[in-house]
Amino acid sequence: MTYELVEHAPAVAQMSREADPFPGVIDPDAELVSRWQAGDASAFEALVRRHERPVFRLALRMLGSREEAEDVAQEALLSLHRHGHRFRRESRFSTFVYRVTANAALNRRRTLGRSRARERVLAEREHGGFDPSSKPRDPGDAAIGAEAQLRVQEALQELPPDLRLAVVLFDIEGLPYGEIARVLEVPEGTVKSRIHRARNALRERLREFVTQESEGVEP
Amino acid sequence: MHAEIRARLSDYLERDLSPEERSRIETHLEACAPCASELRELRATVSLLRGLPEPAHPPALGELVMARVAREGSRPARVRSLLRRASEPRFAAALAAGIAGLFFLVPAGDPSSRSSGAAAPGTLAASMTHAGAHGGLPSLLANGLWGPDEPRPHASVAARAGVMSGATPSAAYSESMRRARLREVGRLLRGSGHPNSEALASHFEPRPNVVMADWHPR
């Protein structure tokens with residue numbers, strides 16, 4: 001299992017070079033990060049508690065398998081601990097967390113290979129490992145049915161990784177364009193283009209559900 | 001014109017356009033049914049994505065991470081670095097060769113260091129290969145006679161070869177696990193169909209006062 005992108009993450013150095021990437025924005029994790037970097041182990045535990053959910057969620061949406069996602073989430077959080085000294089607080093800590101998680105998930109995906117990754121997803125689906133929930137992520141959104149959840153998750157897995165990552169970070173994690181650009185280290189224009197291409201590809205793959213949903217919706 | 005409009009439909013949905021551009025797209029959508037239909041489908045796609053529920057969170061994730069952090073923290077930096085390097089691809093071949101070497105050494109060396117002498121030690125490796133062809137034994141060999149938290153008898157050899165695989169040399173040796181695994185080897189050998197399987201299996205009956213942790217390859 002390799003985590004070379006995580007272990008030698010160029011993103012960390014890149015973030016350190018950025019001049020004031022969040023002017024006027026206070027990082028809500030700043031105090032905990034300071035305490036952790038000063039040697040307070042309990043501060044790291046508090047950071048883990050705060051970020052474990054988005055880390056697991058991103059890993060799950062990127063890999064499609066709960067088992068793999070749990071493993072990758074652990075590795076990503078552990079990588080934070082190993083490389084925390086390289087984080088110089090010149091970007092949001094959450095950006096750093098997303099970056100490390102995305103790299104860990106992409107590396108795992110590469111290690112697994114596309115066909116094996118798909119086998120894992122199908123095996124979990126067959127053995128009831130997939131856990132469709134009726135609880136909407138955002139109370140303002142209507143939860144979609146279990147079958148639609150499965151199809152959306154499968155359609156996501158069929159996207160190229162760079163498109164999948166962009167659309168997951170934007171439409172599922174709710175990150176703004178600018179932060180996604182920093183996580184992916186690409187210009188904002190590239191982020192927008194990837195999101196649009198990903199949505200179009202998903203629209204084609206989810207046509208049966210999309211047509212139902214779009215009926216009666218005003219343009 | 002249509003392609004240009006369609007390329008901006010996500011920006012339109014996200015209200016990421018100047019008022020002039022927005023107005024231009026709206027004028028086009030009023031007159032163009034296919035583009036308007038594509039916008040509706042795109043909006044429905046986004047709605048599906050945003051309607052994905054919060055997945056059930058693994059309850060022990062944080063605890064597992066903190067337990068691993070505590071374990072890593074107790075290891076010297078040099079050992080941590082070695083463990084990380086052992087997981088890198090360029091060490092994979094050495095890792096595989098090292099593990100294979102250890103498992104060849106263990107069966108050849110083990111019986112001769114014991115007092116029962118029930119079977120010729122030289123035949124054991126061959127019989128284990130034979131049993132492996134019937135399934136079961138390969139996975140046992142892959143996992144080894146030792147659990148993840150138990151010290152390997154040849155841990156120092158493994159460490160020199162860069163073959164540390166997550167074992168914790170300081171962990172307490174688990175006698176009951178060792179005995180259970182020995183019984184499993186015996187069971188697999190009995191079912192292997194080898195002419196000397198019974199004699200070989202009896203060789204693996206766990207006995208008191210046999211300390212496998214002290215075995216060394218010859």
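Note on naming: letters A, B, ... go to the chains in the order of the sequence lines (proteins, then strands), and numbering restarts at 1 for each one.
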Before accepting this row, confirm whether a basic side-chain N of the pair A/R205/B/E41 lies closer than 4.0 Å to the acidic partner's carboxylate O.
no

OG1 on B/T45 to CZ on A/F209, rounded to 0.5 Å
12.0 Å

Roughly how far apart are A/R57 CZ and B/L52 CG, rounded to 0.5 Å?
11.0 Å

Expected contact set for residues 59-68 of chain B against chain A at heavy-atom separation under 4.5 Å reads B/L61, B/G62, B/E63, B/L64, B/V65, B/M66, B/R68

Polar side-chain atom of A/R203 near backbone of B/V46 as donor-acceptor pair, under 3.5 Å
no

To the nearest 0.5 Å, tell me how far A/R199 CZ sits from B/L9 CG.
10.5 Å

Flag the pair A/H196 / B/L42 as yes when at least one side-chain heavy-atom distance between them is below 4.5 Å, and no otherwise.
yes

Determine whether A/L156 and B/L49 satisfy the following criterion, side chain to side chain contact (heavy atoms under 4.5 Å, CB included), listing intermediate values before the conclusion.
CA-CA 9 Å; A/L156 276 171; B/L49 280 170; 4.2 Å; yes

Heavy-atom contact with chain B under 4.5 Å, split by part of A/L202
both

Is the closest side-chain heavy-atom distance between A/R61 and B/P55 below 4.5 Å?
yes

A/R53 portion near chain B, given a 4.5 angstrom heavy-atom threshold
both

Does a sphere of radius 6.0 Å around CD in B/E21 hold more than 12 heavy atoms from other residues, nucleotides or ligands, not counting ones at 6.0 Å or beyond?
yes

Any B/S10 side-chain heavy atom under 4.5 Å of A/K192 side chain:
no

Are side-chain heavy atoms of A/N200 and B/E38 found at a separation under 4.5 Å?
yes

Would you mind checking which part of A/V168 comes under 4.5 Å of any heavy atom in chain B, side chain (CB onward), backbone (N, CA, C, O), both or neither?
neither

Portion of A/R197 that has a non-hydrogen atom of chain B nearer than 4.5 angstrom:
neither

Part of B/E14 lying under 4.5 Å from any heavy atom of chain A:
side chain

